[in-house]
Amino acid sequence: MDRRKFLGKAGATLAASAAVTLTKAPNVIAQPKFQWRLVTSWPPSFEILNGTAQRFARQVDEMSGGRLKIQMYTAGELIPPLGVFDAVSNGSIDAYSSGPYFWAGKEPAMQWFCAVPFGLNAQGMYSWFYQGGGLKLMEEAYQPFNLVPRPGGGTGAQMGGWFRKKINTIADYKGL
């Protein structure tokens with residue numbers, strides 16, 4: 001085979017290969033980019049809870065190839081700590097990180113979607129959310145508020161309980 005025919009065939013093969021690669025390439029570049037604001041109920045000193053929100057924002061950025069960037073704001077930077085629910089519910093903020101027990105006044109069932117005294121540990125909660133129907137119940141509780149909840153970090157079971165009188169002995173639990 002002479003050199004010209006070889007180079008011609010090789011060039012045509014490379015061009016065809018490049019065309020196939022380009023047509024099969026994902027259209028990530030053409031997709032729009034988004035910027036979200038995430039507010040928390042946690043002050044900057046709550047490193048574990050704020051760290052979870054920061055890690056979430058970083059992972060979303062990585063998984064989206066930079067198409068969705070989330071700017072996080074701690075308690076009080078944009079919204080008062082307990083104003084995050086309403087700010088996201090009314091659409092002025094995109095997302096929040098907080099404890100469902102704060103919203104018991106809006107819907108009493110909310111407090112069961114987080115750590116409660118004598119409740120499940122973190123593994124038990126996630127099992128309930130993802131295998132026991134807990135996430136579906138949580139979505140139903142938040143739906144009237146125009147919110148789509150997702151579990152995001154767990155601190156484990158709360159110790160003790162909520163009582164109006166001091167507990168010193170087992171007998172003090174009687175009637176509670």
Side chains of Q35 and Q71 in contact at under 4.5 Å (non-hydrogen atoms): yes
The ring pair (Phe, Tyr, Trp, His ring centres under 6.0 Å) partner of F113 among W128, W103, F102 is W128
Side-chain donor-acceptor pair present, S97, T40, cut-off under 3.5 Å: no
Once ring-ring contact (aromatic ring centres under 6.0 Å, His included) is applied, do any residues pair with W42, and if so which ones, sequence neighbours excluded? none
With F145 via ring-ring contact (aromatic ring centres under 6.0 Å, His included) - residues at least two apart: F85
Rounded to the nearest 0.5 angstrom, the CG-CD distance for L135 and E140 is 10.5 Å
P100 and Y142: which non-hydrogen atoms are nearest, and at how many Å? CB-OH, 3.6 Å
Strictly below 4.0 Å, N to O, side chains only: are E139 and R150 in salt-bridge contact? yes
Out of curiosity, Q31 CD to L68 CG, how far, rounded to the nearest 0.5 Å? 12.0 Å
Show the nearest heavy-atom pair for residues K165 and D172, with the distance to one decimal. CE-O, 3.5 Å
Between the CD1 atom in I79 and the CG atom in L82, the distance rounded to the nearest 0.5 Å is 12.0 Å
Please answer whether the main-chain N or O of P81 pairs with a side-chain N or O of S41 as donor and acceptor at a distance below 3.5 Å. yes
SB check D61 R67 (cutoff 4.0 Å): no
